[in-house]
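Within every chain, numbering begins at 1; the chains are lettered A, B, ... in the order of the sequence lines, protein sequences first and strands thereafter. We use all heavy atoms of the structure for the numbers below, so side chains are in, but hydrogens, waters and symmetry mates are not.
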Amino acid sequence: MNQAILVLDGVTKTFGHGPSTVHAARSVSFSLHAGRALALVGESGSGKTTCARMAMREYQPTGGRILYKGKPLAGATSSDIADYRRAVQMIFQDPFASLNPAHTVAYHLTRPLKLHRPEIEGAAIHGAIHDLLRQVQLDPDIVTGKYPHELSGGQRQRVNIARALAIRPEVIVADEPTSMLDVSVRLGILNLLNEMKQQMNLALLYITHDIATARYIAEDIAVMYAGQVVEWGPTERVIENPIHPYTRLLLSAVPDPQIRFDDPRAHLRSEEVEDIRRGSGVPQNEALEYETGHYARRLAMEPG
Amino acid sequence: MKTPLLSVKNLTIDYIGDNKDFRAVDDVSFDVAPGEVFGLAGESGCGKSTIAFAVSRLHKPPALIRRESKILLNGRDVLDLAPRELAAFRWREVAMVFQSAMNSLNPVLRIEDQFYDVLTTHTAMTKAKARERAADMLRLVDISPDRLRDYPHQFSGGMRQRIVIAICLALDPKLVIMDEPTTALDVVVQREILQRINDLRRTFGFSVLFITHDLGLMVQFCDRIGIMLAGRLVEENAAEAIFRTPSHDYTKKLWSSFPSLHGGALL
């Protein structure tokens, strides 16, 4: 495989101190490669957004290293940091809050072009905006002059994607980009991200709590629980052959129209769920490789 | 079918605008039997939440329910209730769980006080009796009764959602309206909560009007499902049939956009 663009190497983040310390991320390691997507899956509070924020340099890691193109970010020069800020872009969860309601779509796309791509000047900006909107499958003639409130959630999310693409990023961090959208437009956004990843050779970090959407977009998957990555590997293998009890629990809870709640197969026993939660919450340093590239941690404490 | 508990007839709701009105719900009729879970599915803006609000009479202007509409609960028209009757009707007969229900608890009141509030407003219960009832209800949703003295912020989102459901069920309502009750929660918690509601309705026999845009979840939970498109009910059938033999094109489209765990990978 080619060299990773972005690597989190044993990254740890804690909040608070003393007995009330919260371990939001415990020695998390993963790498992002050009043209590939990694899905970071877990429940709320599992630390997936903390990892995204560390990748965005919004949080300083408490321990561990973040490497950009092989160079550690800590101690990087300010021009390296500026370069990093350009190369890594984020798409947020809430398409309603992440666009300025007082400005048009054109404004939202002009700003990044002016700031980060000074080679595009004058009338060329207009053309660049049209190209960007066409890339995200919006009609430039209709959308350019509109304000965010005139667009639907799915359209707004497309504008957000266009804004991220305007800078020609190398890495896109998408934090639950579809969780606030209707089911009917979700796949459209995922397909678009997928195409962008392939055409522009982007590295994508896709954060979600919906493991079913991960397989539409990500080649690799990492399942997080209580700040620790408990299982990771190729998406298809992890879904077909889940090893860790928490991954199995997550998969079994995905809504499946084939199995009704009255069916005993659908029944999650709350004592078992509690055991899995308790067991998975205990830090476990050891991980075993079950298949090529498919790793899982053992439970520090076996359930039941 | 048995005599319906809830019977919505020709429900038409407009949002009155300055220049023109917007028809949010257009001539919708459906019945919900006692003990049945009826689902309304559709995209945002299709009018499903507007119906939920109308059934509990929580709609506010500019929403206007047109005259020919009827919402019958046990044969009584909800739309004709006087304010005093309405106060007795809410919670006792129809209780509602909202999407962000976990944020609808009062942050400065202990859980037990929020139970008292509902219980003493609607019944002549003594404080000791109310405490007993509250403890029973918490046990039903798998929360230890010794946490009654805690405040909402001391619970997780899923627990708060379960507390709201427990408060809803405290007065034995006949119908519980759930508008996207678990959308903000992760799948494991979602399954635990809905499974519990499914068990409870088998035990107590209340009906549920369940609203979500997640069709897969809906088929798992509901007995019958209505599919809404732009204010109209375009298809209504048993849950199994909606899944196996959808007849309306829109239903088929909804299914094809549903992310599934197996088959049809896009990579």
Side-chain angles (χ1 to χ4, degrees), chain A residues 37 41-46 152-154 178-188 190-191 194-195 197-198 208-219 225 235-236 239-240 246 249-263 266-271 273-274 276-277, chain B residues 37 41-46 141-143 156-158 182-199 201-202 212-223 225 229 238-240 242-244 246 250 253-267:
Chain A
V41 185
E43 61 178 24
S44 39
S46 61
S152 73
T178 61
S179 70
M180 295 193 62
L181 303 176
D182 266 337
V183 178
S184 51
V185 292
R186 262 180 210 182
L187 281 191
L190 290 179
N191 287 342
N194 210 12
E195 274 167 36
K197 172 190 82 186
Q198 286 161 352
T208 183
H209 64 253
D210 185 358
I211 198 167
T213 59
R215 61 186 282 273
Y216 286 81
I217 184 163
E219 289 84 359
Y225 187 81
T235 309
E236 211 60 34
I239 288 177
E240 289 302 322
Y246 181 71
L249 174 65
L250 203 57
L251 283 166
S252 70
V254 169
D256 180 352
Q258 310 255 17
I259 306 174
R260 289 181 47 83
F261 281 175
D262 291 325
D263 191 323
H267 205 75
L268 289 183
R269 289 194 25 241
S270 28
E271 316 86 72
V273 174
E274 276 315 304
I276 294 174
R277 285 210 176 106
Chain B
V37 180
E43 290 172 78
S44 29
C46 74
V141 293
D142 289 326
I143 294 173
S156 70
T182 53
T183 307
L185 305 170
D186 71 86
V187 283
V188 178
V189 179
Q190 164 173 290
R191 170 69 69 83
E192 286 178 299
I193 289 179
L194 293 180
Q195 203 171 272
R196 180 37 62 98
I197 294 170
N198 194 41
D199 296 342
R201 68 125 173 173
R202 295 269 180 233
T212 180
H213 59 236
D214 189 338
L215 258 187
L217 182 67
M218 190 159 255
V219 169
Q220 283 192 294
F221 183 39
C222 297
D223 301 314
I225 292 174
L229 171 63
E240 279 286 316
I242 291 279
F243 172 53
R244 306 222 178 258
Y250 181 67
K253 256 200 200 147
L254 275 182
W255 275 120
S256 67
S257 62
F258 180 72
S260 70
L261 268 182
H262 304 285
L266 300 173
L267 286 172

**Request:** Determine yes or no for a side-chain-to-main-chain donor-acceptor pair under 3.5 angstrom, with A:Glu43 supplying the side chain and B:Val188 the backbone.
**Result:** no
**Message:** Within this structure, what is the CD-CD distance for the pair A:Gln258 and B:Glu240, rounded to the nearest 0.5 Å?
**Reply:** 9.0 Å
**Minimum heavy-atom distance B:Glu192-A:Val273, with the two atoms named** = OE2-CG1, 3.4 Å
**Item:** B:Gly216 to A:Pro255 - nearest heavy-atom pair and separation
**Value:** C-CB, 4.0 Å
**Complete:** When every non-hydrogen atom of A:Asp256 is compared with those of B:Gln220, the smallest separation belongs to O-CG, 3.0 Å
**Message:** Looking only at heavy atoms and a cut-off of under 4.5 Å, which of A:Asp263, A:Ile259, A:Ile211 has the most pairs with chain B?
**Reply:** A:Ile259
**Request:** Could you walk me through whether A:Arg186 and B:His213 pass side-chain contact (heavy atoms from CB on, under 4.5 Å), step by step?
**Result:** CA-CA 11 Å; A:Arg186 262 180 210 182; B:His213 59 236; 3.6 Å; yes
**Prompt:** How far does CZ of A:Phe261 sit from CZ of B:Arg201, to the nearest 0.5 angstrom?
**Reply:** 10.5 Å
**Message:** Under 4.5 Å from any heavy atom of chain A, what part of B:Phe243 do you find: side chain, backbone, both or neither?
**Reply:** side chain
**Request:** Measure A:Asp262 against the heavy atoms of chain B and call it side chain, backbone, both or neither at under 4.5 Å.
**Result:** both
**Message:** Please classify the contact between B:Arg196 and chain A as side chain, backbone, both or neither, with a heavy-atom cut-off of under 4.5 Å.
**Reply:** neither
**Request:** Identify the heavy atoms of B:Val187 and A:Ala253 that sit nearest to each other, and give their distance.
**Result:** O-CB, 3.6 Å
**Request:** Side chain from CB out, backbone as N, CA, C, O: work out which of these in B:Leu254 comes under 4.5 Å of a heavy atom of chain A, or both, or neither.
**Result:** side chain
**Prompt:** Using non-hydrogen atoms only, which part of A:Ser252 is less than 4.5 Å away from chain B: side chain, backbone, both, or neither?
**Reply:** backbone
**Asked** Side chain, backbone, both or neither: which part of B:Asp214 has a non-hydrogen atom closer than 4.5 Å to chain A?
**Response** both
**Request:** Apply side-chain contact (heavy atoms from CB on, under 4.5 Å) to A:Arg260 and B:Asp223, showing your working.
**Result:** CA-CA 10 Å; A:Arg260 289 181 47 83; B:Asp223 301 314; 3.4 Å; yes
**Message:** Could you work out, with side chain to side chain contact (heavy atoms under 4.5 Å, CB included) as the rule, every residue matching A:Thr208, not counting sequence neighbours?
**Reply:** A:Val41, A:Glu176, A:Tyr206, A:Asp210, A:Thr213
**Interchain contact, A:Leu181 with chain B, by part (heavy-atom threshold 4.5 Å)** = backbone
**Fill in**
Turns out that what part of B:Leu194 lies under 4.5 Å from chain A's heavy atoms comes down to both
